[in-house]
Amino acid sequence: MTWNSALITSVGLLAGVTPSVSAVADAAAVEDSAGGAPRSPNILFISVDDLRPELPCFGAAEVIAPAIDRLASGGVVFQHHYVNNPICIPSRAILLTGTRSERTHQLFGPTVWTKIPGIEPIGRTFQQAGYTTVSLGKIWHTPDGKVHDDFDFRWDPEWAGPYHGNNLYASPELKDKTWPQLKKINPPAAEHEAVEDEDYPDGRTTTMAVKWLRDLAAQKKPFLLMAGFKKPHLPFCCPKKYYDLYENVEISMPPNPDYPKDMPAWAHNNFNDLQYYSPCPQLDKPLDATQTRELRRSYFACISYIDAQIGMILDALKETGLDQNTIVVLWGDHGFHLGDQGLWSKTTNYERAAHSPLLFVLPPSMQPVAGSSDALVETVDIYPTLLELCGIPNPPVMDGQSFVPLLRDLSKPWKTEVFHVSDRWRNFVTGEKPGGVVIGYAVRTDRYRYVEWVKGWNIKKEDRKILARELYDYDSDPEETRNLAGNPEYKAVMDDLQRRLVAGAQHVDVE
């Protein structure tokens, strides 16, 4: 199937046309060239939008997620996985190209990574390696709706043009409104209608993923199936039965509800995306305890909703026998503030925004290990890891480093630091517009995070304009309650971390 025909089929699905899943799978099915040789492993990649590590396998006792727990029990849980840019568009571009924002300058805006010669995105690479490639739901995220990647089939339950976001809600008064219409009325930040799972878009993504797995099981060609869920992204909407799960759960308040002491103004976000919904905090007027608990409960309910969808997909994987030769990955595209540091949503360099879940489960055919890893890994590393597991060479341009050795030996020494960036075009506290982009460059070690807010993409220039610095010591202050950058006792630490930040990612010897 060509790209154009796949797109036509995808649009047709929304018009009520019966999904041509089996037709695509049949067209893609070919005999193994070696005639009976072991076929390459399949990949089931599950992405979850705005998912911080608020899961039982990460120590969050109040969240109900049995399917993810089941998945975690059979694979490797990376306790210290960090995204490289904590907002959807660039984080997904990093995942799907294996390149950093520092190289591409890809931010939340127009697609610019395509200007870098030698970048080969994941769908195209696996397709050229002989895989059937399927993208369902939110995988790529671009402002113009264009995706510079090749999949045999691509489909989204909300396919209605860029940023229109139909069917965010299920209530009769809101469900047919487009996103531009909703923005004008400050819609509710949460909704819990007594409806079926498929009445919200993620339920339809699950149905499509299950259909694809059942048809892919009949073909002889390996596949890359990527299923992207949109919750718990705002608005926190899910069927009421998941909200009711928390009726007798005491919802916690954020342990650090105040801005960090000596927090620079450049570090503040604009509560994106909560700014578009009600209730919405203000700089000098945080949400009260009742509002905070209600939003946190609704966020947790959305996690439980997505957990149920993941459970149905895992059941289908097992029922078809595909679990015997399929790599399963669960990834959150970034974390999320729920009142932590007085902030909401993402787009910060703090732990709550940069830290996200990552689970890798290898099939029995690959002799997997299971357990929890404390190694520092990054989103940029996922693509080359999948390539190595499948015996596919890296494309010409690749910033990530495969962590396959960690999947074989959880105790293996690994990276000593990871890196991420966040950007500002204006100061959300002072209103200052610097006349260009300000980049918050961050380096995270097992103990510290050091941040430099710099005018432009200029971290390697000695004469760069540094607007602010931050330093957090997680041994003494795990909740980031105070910025230590001005403390002279930490000067040696600051100097060391600054050198590491300027030098960039340090690869380890994995031999």
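- Evaluated for a ring pair (Phe, Tyr, Trp, His ring centres under 6.0 Å) with Tyr131, the options Phe45, Phe126, Phe223 yield exactly one hit, Phe126.
- Counting only heavy atoms from C-beta outward, the side chains of Asp409 and Val369 never approach each other to under 4.5 Å.
- Side chain of Arg154 to backbone of Ser135: no donor-acceptor contact under 3.5 angstrom is found.
- Judged purely by atom type and a 3.5 angstrom limit, Gln219 uses its side chain to pair as donor or acceptor with the backbone of Lys221.
- Between the side chain of Asp149 and the backbone N or O of Gly123 there is at least one donor-acceptor pair closer than 3.5 Å.
- Distance check, rounded to the nearest 0.5 Å: OG of Ser101 to CG of Asn84 gives 7.0 Å.
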Would Trp140 and Met226 count as a side chain to side chain contact (heavy atoms under 4.5 Å, CB included) if you check the C-alpha gap in whole Å, the side-chain angles of each, and the deciding distance to 0.1 Å? CA-CA 10 Å; Trp140 283 98; Met226 305 189 80; over 6 Å; no

Do Ile303 and Leu51 pass the side chain to side chain contact (heavy atoms under 4.5 Å, CB included) test, and can you show the C-alpha distance, the side-chain angles, and the key distance before you say yes or no? CA-CA 8 Å; Ile303 293 177; Leu51 179 64; 3.9 Å; yes

So Ile87 and Asn85, side chain to side chain contact (heavy atoms under 4.5 Å, CB included) or not? Walk me through it. CA-CA 6 Å; Ile87 191 169; Asn85 198 324; 3.9 Å; yes

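- With hydrogens and angles ignored, the 3.5 Å screen pairs no side-chain donor or acceptor of Asn349 with any backbone N or O of Ala442.
- Take Asp50 and apply the salt bridge (Lys or Arg N to Asp or Glu O under 4.0 Å) test, not counting sequence neighbours, and it matches Lys346.
- Put simply, the side chain of Asp152 never gets that close to the backbone of Val134: no donor and acceptor are under 3.5 Å apart.
- Formation of a donor-acceptor pair under 3.5 Å by the Gln106 side chain with backbone atoms of Trp113 is found in this model.
- Remark: Met312 engages Asp197, Thr206, Gln309 in a side-chain contact (heavy atoms from CB on, under 4.5 Å) (not counting sequence neighbours).
- A donor-acceptor pair is defined here as one N or O able to donate and one able to accept, closer than 3.5 Å; such a pair exists between the side chain of Thr320 and the backbone of Leu317.
- Screening residues 105-114 for salt bridge (Lys or Arg N to Asp or Glu O under 4.0 Å) gives no qualifying pairs among residues at least two apart or on separate chains.
- In this structure, CE on Met208 lies 8.5 Å from OG1 on Thr205, to the nearest 0.5 angstrom.
- Aromatic ring pairs are classed by plane angle as parallel below 30°, tilted from 30° to 60° and perpendicular above 60°; the pair Tyr299 and Phe336 is parallel.
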After noting the C-alpha distance and the side-chain angles of His268 and Leu343, does the key distance pass the side chain to side chain contact (heavy atoms under 4.5 Å, CB included) rule? CA-CA 8 Å; His268 203 295; Leu343 301 170; 3.6 Å; yes

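- Side-chain atoms of Tyr450 never come within 3.5 Å of backbone atoms of Ala485 as a donor-acceptor pair (strictly under, hydrogens ignored).
- For Pro255, the side-chain contact (heavy atoms from CB on, under 4.5 Å) test picks out Asp340, Arg352, Glu479, with sequence neighbours left out.
- Here Asp323 pairs with nothing under the salt bridge (Lys or Arg N to Asp or Glu O under 4.0 Å) rule; sequence neighbours left out.
- One side chain, Asp477 or Thr481, offers a donor N or O that lies under 3.5 Å from an acceptor on the other.
- Under the 3.5 Å distance criterion, with hydrogens and angles disregarded, a donor-acceptor pair is assigned to the side chains of Thr348 and His337.
- For the atom pair CD of Glu417 and CG of Leu501, the computed distance is 10.0 Å after rounding to the nearest 0.5 Å.
- Of the possible donor and acceptor atoms, none in the side chain of Thr326 sits under 3.5 Å from a partner among the backbone N and O of Asn42.
- Partners of Lys115 according to the salt bridge (Lys or Arg N to Asp or Glu O under 4.0 Å) rule, which considers only residues two or more places apart in sequence or in another chain, do not exist here.
- By the salt bridge (Lys or Arg N to Asp or Glu O under 4.0 Å) test, Arg124 pairs with Glu120, Asp150, sequence neighbours left out.
- We find that Lys491 and Asp495 are joined by a salt bridge, their nearest charged nitrogen and carboxylate oxygen being less than 4.0 Å apart.
- In this pair, Trp212 and Phe153 present their aromatic rings tilted. The plane angle is within the 30 to 60° band.
- With hydrogens and angles left out, the side-chain atoms of Asn325 and Ser365 include a donor and acceptor closer than 3.5 Å.
- Of the candidates Trp331, Trp414, Phe403, Phe403 is the only one forming a ring pair (Phe, Tyr, Trp, His ring centres under 6.0 Å) with Phe78.
- The minimum heavy-atom distance between Cys88 and Asp49, with the atom names listed, is SG-OD1, 4.2 Å.
- Annotation for Lys412 and Pro405: closest pair CD-CB, 3.6 Å, computed over non-hydrogen atoms.
- Between Tyr350 and Glu470, the side chains place a donor N or O and an acceptor N or O closer than 3.5 Å (distance only, hydrogens not considered).
- Among residues at least two apart or in separate chains, salt bridge (Lys or Arg N to Asp or Glu O under 4.0 Å) pairs with a member in residues 102-113 are Arg103-Asp399.
- The structure places OG1 of Thr385 at 10.0 Å from CD1 of Ile327, a figure rounded to the nearest 0.5 Å.
- Met398 and Gly98 make their closest contact through SD-O, 3.5 Å (heavy atoms, listed as atom of the first residue, atom of the second, distance).
- Here the closest heavy-atom approach between residue Gly400 and residue Pro384 is recorded as C-CG, 3.7 Å.
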Would you tabulate the side-chain donor-acceptor contacts of residues 55-76 under 3.5 Å, counting partners in other chains and residues two or more places apart, or write 'none'?
unit_1 : atom_1 : unit_2 : atom_2 : d
Glu62  : OE1    : Ser252 : N      : 3.1
Glu62  : OE2    : Ser252 : OG     : 2.6
Asp69  : OD1    : Cys57  : N      : 3.4
Arg70  : NH1    : Asp315 : OD1    : 3.4
Arg70  : NH2    : Asp315 : OD1    : 3.4
Ser73  : OG     : Arg70  : O      : 2.6

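- For Asp475, the side-chain contact (heavy atoms from CB on, under 4.5 Å) partners two or more places apart in sequence, or in a different chain, are Arg447, Asp473.
- Listed for the Arg214 side chain is no donor-acceptor partner under 3.5 Å among the backbone atoms of Glu319.
- Considering Asp273, Asp202, Asp156, Asp333 as possible partners of Lys230, the one that fulfils the salt bridge (Lys or Arg N to Asp or Glu O under 4.0 Å) test is Asp156.
- No hydrogens or angles considered: nothing links the side chains of His81 and Asp381 as a donor-acceptor pair under 3.5 Å.
- Residues forming a side-chain hydrogen bond (donor to acceptor under 3.5 Å, both in side chains) with Ser373 (at least two apart in sequence, or on another chain): none.
- Residue pairs meeting the salt bridge (Lys or Arg N to Asp or Glu O under 4.0 Å) criterion with at least one member in residues 448-459, sequence neighbours excluded, are Glu351-Arg449, Arg449-Glu480, Glu452-Arg464.
- The minimum heavy-atom distance between Ala468 and Pro264, with the atom names listed, is CB-CB, 3.6 Å.
- The aromatic rings of His355 and His80 sit parallel, their planes meeting at an angle under 30°, below the 60° perpendicular limit.
- For the pair Val397 and Pro117, the tightest heavy-atom approach, listed with the atom from each and the gap, is CG2-O, 3.2 Å.
- Between Tyr448 and Tyr490, the angle of the ring planes goes over 60°, which puts this pair in the perpendicular group of the 30/60° scheme.
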